[in-house]
Amino acid sequence: MAIGRLVACFILYSSTRHVPSSLGVILRTTDKTVWANEFEPIELTCLIESISTNNPRIEWKKIKNGVPSYVYFQNRISGDLMHRAQLREPANILIFNTTRADTAEYRCEVAAIDDQRDFDEILISLAVRVKPVVPKCSVPEAVTVGTSSELRCLENEGFPTPQYRWFHNNEELPQDPKSSPRFANSSYTINPDTGGLKFRRVRKEDAGEYFCQAKNEAGHAQCPPQMMEVYDVDIFGIFLKSFGAVLAFVCVTAGMCHTIKRGCSPTKNHTENTYKRPAQDDGVDYGDADEGHFRHKSSFVI
């Protein structure tokens, strides 16, 4: 009797302590948003926390603009990652050299037919940083003291969009000139988003070499230095040029008026070469003036 009770207790205890080894496949990842630098390796993690099936079906899909495509299917790399990636245990995918075209969402899918929950998936977002290229800089060659001027800087390749910084004679210009005693009297403003450097009133001290740098998390690039000259206002020279232009205009106008006046007035010493035909009262026809001989048309009556 005692032995029967012990066996019954053991069976009851075993039944209450029994837990299935797995209720289904469960996935997780170390990071759902992954950043990578272009041309560098990156690993997308798809960790299987629990599973009973020995050989589960593993697939990876790339989702670009809402359109999915296989990058790992039927136990091999395919699609955009062919020859550029490999599957690592348990279900991670390693991209050897990422490119900007790899920026997309990736979905890891695992199917386990022997588990109660036979399917699970996890979505990972990959963003590839792109280093900026050499920006295009525009620096005026010469400006006048007291005038306004603008320097421009533009770069279109970097991702995320780079921020811009300006340098004067190899020294970085602070965003706020009032924050530095050296530039406290400057009137410039810098837009780090567009790359514009504007001077409200140029000073003589603003002359020198300027270059711009575009920078993001992937790196930076800068344009070659360009010289900007600053000249004083030459008031006397401007006066002389203006006076010379007015004087030349007056001289040309007077000359034209004098020429027109002479061409329109009559000439007093003009002689006429008009041939006057002699009177023909004597009954003699002298003929035309252009005839070279005398014709007798009437006889003399005595």
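These values consider heavy atoms only, across backbone and side chains, with no hydrogens, waters or symmetry-generated copies.
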Are [X] and [Y] within salt-bridge range, i.e. N to O under 4.0 Å?
| X | Y | value |
| --- | --- | --- |
| Arg107 | Glu105 | no |
| Arg57 | Glu109 | no |
| Glu38 | Lys131 | no |

Between OG1 on residue Thr194 and CD on residue Gln163, distance to nearest 0.5 Å: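 CD of Gln163 is found 10.0 Å from OG1 of Thr194.
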Heavy atoms of other groups near [X] [atom1], more than 12 under 6.0 Å:
| X | atom1 | value |
| --- | --- | --- |
| Asp31 | CG | yes |
| Lys64 | NZ | yes |
| Ile113 | CD1 | no |

Any chance the side chains of [X] and [Y] put a donor and an acceptor closer than 3.5 Å?
| X | Y | answer |
| --- | --- | --- |
| Asn92 | Glu43 | yes |
| Ser52 | Asp114 | no |
| Ser125 | Thr33 | no |
| Ser148 | Arg201 | no |
| Glu40 | Asn97 | no |

Side chains of Leu44 and Trp60 in contact at under 4.5 Å (non-hydrogen atoms):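 Side chain of Leu44 against side chain of Trp60, heavy atoms only: contact under 4.5 Å found.
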Validation row: Thr144, Val230 side chains within 4.5 angstrom (heavy atoms):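 When only atoms from C-beta onward are counted, Val230 and Thr144 do not touch, as no gap falls below 4.5 Å.
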Backbone N/O of Arg203 and side chain of Asp206: donor-acceptor pair under 3.5 Å: yes
Cys153/Cys223 sulfur atoms closer than 2.5 Å: no
Option passing side-chain contact (heavy atoms from CB on, under 4.5 Å) with Ser50 (candidates Leu27, Ile26, Asp115, Asp120): Ile26
